[in-house]
Amino acid sequence: MAAVAAPHAIEVRGLRKSYWVREGGLLRGRRRRIEALRGVSFTVGWGEVYGLLGPNGAGKTTTVKIIATLLEPDEGDALVAGYSSVREPLEVRERIGVMLSVERGFFWKLTARENLKYFGLLYGLDGRELEERIEELLELTGLKRLGAENRRFEDMSLGMRARLGLARALLRDPPVLILDEPTLGLDPPSARMVRSILRKLASRGKAVLLTTHNMFEAEIVCDRVGIISRGRVIAEGSPGELKARVSDRVPVVLHVRASPTEAEALAQRIGGAVSRLTERDGGLLYVRVLADPESAERIIQRAIEEALRLGVRVAEARIEEPTLEDVFIALTGASEEGGGGG
Amino acid sequence: MASLKSLVKAELGVQWWWLKNNRVMLVLSFVWPYMAVLVLLAMGYAYGSIQNMARRLGVDEPVVYLMAASMVAFAASGIIDNASGVAQWHRWLGTLPYVYAAPHRFPVYLVVSGFAGSLFIATTNLAAMLPGALAVGGLRAGLGLLAVFAVMIIASLPLVGIAVSAALLSLLAREEGNVLSFLNPLLLLLSGVFYPIDVLPRILQWMSVLAPVRYVVEAARIASTFTGGPVRAVVVASYYLAVMIAVYNLLSLKAVGALESAARRRGVF
Ligand SMILES: Nc1ncnc2c1ncn2[C@@H]1O[C@H](COP(=O)(O)OP(=O)(O)OP(=O)(O)O)[C@@H](O)[C@H]1O
Ligand SMILES: [Mg+2]
């Protein structure tokens, strides 16, 4: 693989990009500038899974599209295996596999096999080689096991579509993979399958760039993570390194048996630090509070008092290790809906 | 660089698979050309009678002429429609980024795909019309139809550059539709399929000299009068077409480059 000669699989340098959008009526529309990227830089090494982690509208898809030669930046450049996405798009396209959206991007009336055959031909494969590659990928992604290889795309589940999307990205066995939210909306088995394939590919020396807003995913599959918010990479490092950054704050987690509004009220009363509700689990709600290590126990004390006052039952209270989510909340200011700048 | 051959295969393949999985469409594509002939015949009655129309258009064999003409109507300027149609289609399906990120230049893809599309339509039309032509006009009519088919393919060559520009424009316009679809009726009007060119306003007559489709219709007319025979028709039309192929495509080369990079800046892919 000649591409390995380049020091980085992907090198993104100072990307800036604005979109112009029209707003208003049919005739009296106004143009407004949305700054999607304001100087994004990072590198992805060979054999590395790099996660671009950020809230909605942070600029993840914009970054990915620029690297994949689909979009031209206003400033900056992205190098793939040493080739410029802006000036040498054909060289870059030879070396990448792309997956942008899980539920679209195939011919609805064609089967999984026919779809793969079409894109294989489009990507320059043919004959025996293509047939064999398709069989291999149907096997690898579990589509064959699911009996989906001759099913039309319109009749496939989201999980099957994601597997098919991954199979297409892998058709030419490219050294660099670029995946935009590859596990969005997938059930745990499908997401696990996708993640394990990505790890396997990285162990064979390929570079994988994925975007996600799933912290758990970033933590378990990524060697390194870049946190992107409002068009800037605001922190970068391995999940461990990033977590060390918030070691001055520990998460206090309460499991409460309460309605969402009650839990919200409780979270507010013990707040000060950011608190939020996450997943529901057998009628229990989780309330998280970031505290500095000294005051953590005092916060538990106060939480139980407040819970009593509100008539909310606390099933469990404990001090946890910080997760990537805490890093994310600390750095991006908690809001999931970051919103684009502009 | 992925080979052109596999690209052609991909585009023809997708047409075929699509029809295979949509059987009703396959049947309909054999019925449509005859429906077009019926419409044209109905127009003939607007002239008073079919014979009247034949005289007005200067043809001997109105039914064969109409078959050839409707084939033209379906396919000669079809490359413009097809290239834009393909681009829009990929946008609707969400396949556009994957097609764009394939290792071809996108304009090359559009040309191949536009051609595959119009060739596919033209071939189905030919397959559908041939039995009809043979039944009505015998072997000579059948040969005439084949000759028109050949010229028709050549006739779309001058439109290649325009077709690619139109496709890129339709993507840039961010409209959910083919913004240049008005071009096709215009080309057909200028072609003399429906009205003899000499009844058009002077300015349109001048414009028709520049419309490649006109020469295909000319060929169809000659073929249907059986005077010069299909061979002469092909030669005459080819001469004009060769000039147009060179001029039109050189002119649109610059436009294609500019439009593609505008599309890439705008984020349409
Ligand atoms: N084609 C476009 N035209 C106008 N604005 C756009 C376009 N694409 C993206 N934007 C805007 O640019 C900003 C960044 O969008 P982008 O899609 O890159 O974010 P993202 O991180 O992928 O978000 P998400 O998690 O929702 O997918 C957003 O504010 C978005 O509204
Ligand atoms: Mg996105």
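Just so it is clear: chains get the letters A, B, ... in the order the sequence lines come, proteins before strands, and each one is counted from 1.
Heavy atoms only, all atoms of each residue included: B:Pro103 and A:Glu94 are closest at CB-OE2, 3.7 Å.
In this structure, A:Ser190 contributes its side chain and A:Leu186 its backbone to no donor-acceptor pair below 3.5 Å. The backbone N or O of B:Ala167 lies less than 3.5 Å from a partner atom in the side chain of B:Ser170, making a donor-acceptor pair. The backbone N or O of B:Val99 lies less than 3.5 Å from no partner atom in the side chain of B:His104, so there is not a single donor-acceptor pair.
Stacking of A:Arg168 on the aromatic ring of A:Phe106 is recorded, both the 6.0 Å distance cut-off and the 45° axial limit being met.
For a heavy-atom cut-off of 4.5 Å, chain B lies close to A:Lys65, A:Ala68, A:Thr69, A:Leu70, A:Leu71, A:Glu72 in residues 59-73 of chain A. For residues 146-164 of chain A, heavy-atom neighbours of chain B at less than 4.5 Å comprise A:Arg152, sorted by residue number.
Salt bridge annotation for A:Lys117-A:Glu114: absent, with no cationic side-chain nitrogen under 4.0 angstrom from a carboxylate oxygen. Using a cut-off of 4.0 Å between Lys/Arg side-chain N and Asp/Glu carboxylate O, A:Glu129 and A:Arg133 are scored as not salt-bridged. Looking at B:Arg264 and B:Glu260, no side-chain N of the basic residue comes within less than 4.0 Å of a carboxylate O on the acidic one, giving no salt bridge. Between A:Arg16 and A:Glu35 there is a salt bridge, since a side-chain N of the basic residue sits under 4.0 Å from a carboxylate O of the acidic one.
For the options B:Ala10, B:Ser261, B:Gly13, B:Ala263, heavy-atom pairs under 4.5 Å to chain A are most numerous at B:Ala10. The most heavy-atom pairs under 4.5 Å with chain B, out of A:Trp108, A:Trp20, A:Tyr19, A:Phe107, come from A:Phe107. Comparing A:Arg172, A:Lys109, A:Lys17 by how many heavy-atom pairs each has under 4.5 Å with chain B, the most go to A:Lys109.
Ring planes of A:Tyr123 and A:Phe119: tilted class, angle from 30 to 60°.
Residue A:Ser18: no heavy atom, backbone or side chain, is found under 4.5 Å from chain B. Looking at A:Tyr118, the atoms closer than 4.5 Å to chain B (heavy atoms on both sides) sit in the backbone and in the side chain alike.
Annotation: salt bridge (charged side-chain N to carboxylate O under 4.0 Å, His left out) contacts of A:Arg104 (sequence neighbours excluded): none.
Within the structure, the salt bridge (Lys or Arg N to Asp or Glu O under 4.0 Å) test picks out the following pairs touching residues 6-19 of chain B (sequence neighbours left out): A:Asp126-B:Lys9.
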